[in-house]
Amino acid sequence: MIRYATVGTGWIVDAFIEGAALAGGLELAAVYSRKEETGRAFAAKHGGVPVFTDLDALAASDAVDAVYIASPNVLHYPQSRRFLLAGKHVLCEKPATVTSRQLRELLALADERRLVYMEAIMMRHLPARERLHTALAGLGAIRSARFDYSQLSSQYAACMAGKLPNIFNPAMATGCLMDLGVYCVYPALDLFGRPERMEAAASFLPTGADGAGCCQMVYPDKVVSLTYSKTAQGRIGSEILGDRGSLTISSVSRLTGIRRFGPDGQEELLVGEYTKAELMSGEAAAFRRYIGALSAGDGAERQDYARANALALAVCETMEQIRRKAGIRFADDAQ
């Protein structure tokens, strides 16, 4: 049994705890919050586990083997590094780091200390991903694809009223691309690899954060368009177009609502919906398997871990390129 702690008390942490319970082999051992009152209220929902308000104390605790980090983006790198140095396995919410330099450093540190460091990204570890890869073979020649994640933020009204929510605060290394756009970059690179060239643009909010954006990826035989927005609610989803059929995806972040259409328009549902716990259980189960593979010497799992990290690094490097082209700048980019 792997004993893990959580850093953060938002809804995503609740969902991960449910997913970890469904995955099995993972036991919640502690929670961290900057405020003890908030931490205790959160812990009360999950069995009254111990609460830490000091990260160093949590890192030093013998009661914890691993940590799930869901703090603001700008804290991912320093917190991940702190726990890796303390000998803890780390599963960090996307984006795991702001820059590829940071990610390469943490991956090397984890490898050096025989630890697992992994970016938490739902779609990479869901059964739907394999179904999507398999379905591509039946589409014929794919000349174009479009991935969209446009969801009106619950914090948008506050932002436009002059407030500064974390999600629209560039000092937190956030904004639309880092929050939603990453879910479009992941399937593009996972399915088609790196493009030959890209163009990107963004629209900015009064806080300086990007509220919406787009990226055009050009390959030798196809073009892939990415669109993402936190200022409006999208309705039409994503699609992959081949000369012998097409696929539509209702949710690119969850890989749900995947339908295949033949040349005659005949429709087949390939993937339906998941519960929230099921969505989070895939990455939790992969984290558990990767940790187990360190001691068991499971070659297949070690190879999958390496592939997952190679994809995470490719996505991080691509995100850096998109930010440069779109004029999105964070403090970590200058270091």
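Reckoned from all heavy atoms, side chains included, excluding hydrogens, waters and symmetry mates. Just so we're clear, the structure is a prediction, and the values are computed from it rather than from any experiment.
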Mind jotting down which residue pairs meet the ring pair (Phe, Tyr, Trp, His ring centres under 6.0 Å) criterion with at least one end in [range]? Sequence neighbours excluded, please.
range            : result
residues 103-133 : none
residues 51-73   : Phe16-Tyr68
residues 184-231 : none
residues 257-293 : Tyr290-Tyr305

#### Entry: ring pair (Phe, Tyr, Trp, His ring centres under 6.0 Å) involving Phe83 - partner list, sequence neighbours excluded
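Listed in chain order: nothing, the list is empty.
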
### Task
Give me the other members of the hydrophobic cluster that Leu205 sits in, counting Ile, Leu, Val, Met, Phe, Trp and Tyr linked by side-chain heavy atoms under 4.5 Å, directly or via other members.
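Via sub-4.5 Å side-chain contacts, Leu205 links to Leu152, Tyr156, Met160, Ile167, Phe168.
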
### Task
Could you identify which residues cluster with Val74, counting Ile, Leu, Val, Met, Phe, Trp and Tyr as linked when any side-chain heavy atoms lie under 4.5 Å apart, either directly or through a chain of such contacts?
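Grouped by the 4.5 Å side-chain rule, Leu75, Met172 form the rest of the cluster around Val74.
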
I'd like a table of donor-acceptor pairs (distance under 3.5 Å, sequence neighbours excluded) in which one partner is a side-chain atom from residues 6-15, with atom names and distances.
from	atom 1	to	atom 2	distance (Å)
Asp14	OD1	Lys45	NZ	3.3
Asp14	OD1	His46	NE2	2.7
Asp14	OD2	Lys45	NZ	3.1

### Task
Please collect all side-chain hydrogen bond (donor to acceptor under 3.5 Å, both in side chains) contacts where either partner lies in residues 163-173, sequence neighbours excluded, each pair once.
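For residues 163-173, and leaving out neighbouring residues, there are no side-chain hydrogen bond (donor to acceptor under 3.5 Å, both in side chains) pairs at all.
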
#### Entry: Charged N-O contact under 4.0 Å between Arg124 and Asp190
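A salt bridge is absent here (no side-chain N lies under 4.0 Å from a carboxylate O).
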
### Task
Report the residues that fulfil salt bridge (Lys or Arg N to Asp or Glu O under 4.0 Å) with Glu267, sequence neighbours left out, ordered by chain and then residue number.
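For Glu267 the salt bridge (Lys or Arg N to Asp or Glu O under 4.0 Å) partners, ignoring immediate neighbours, are Arg259.
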
### Message
Could you work out, with salt bridge (Lys or Arg N to Asp or Glu O under 4.0 Å) as the rule, every residue matching Glu239, not counting sequence neighbours?
### Response
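Glu239: salt bridge (Lys or Arg N to Asp or Glu O under 4.0 Å) contacts with Arg146.
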
### Query
If you measure only the distance, is there a donor-acceptor pair under 3.5 Å linking the side chains of Thr227 and Asp148?
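There is such a pair between these side chains.
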
### Message
Considering only residues two or more places apart or on different chains, which pairs with a residue in residues 97-119 satisfy salt bridge (Lys or Arg N to Asp or Glu O under 4.0 Å)?
### Response
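Every salt bridge (Lys or Arg N to Asp or Glu O under 4.0 Å) pair that includes a residue of residues 97-119, provided the two are not neighbours, is Arg81-Glu105, Arg101-Glu105, Arg104-Glu317.
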
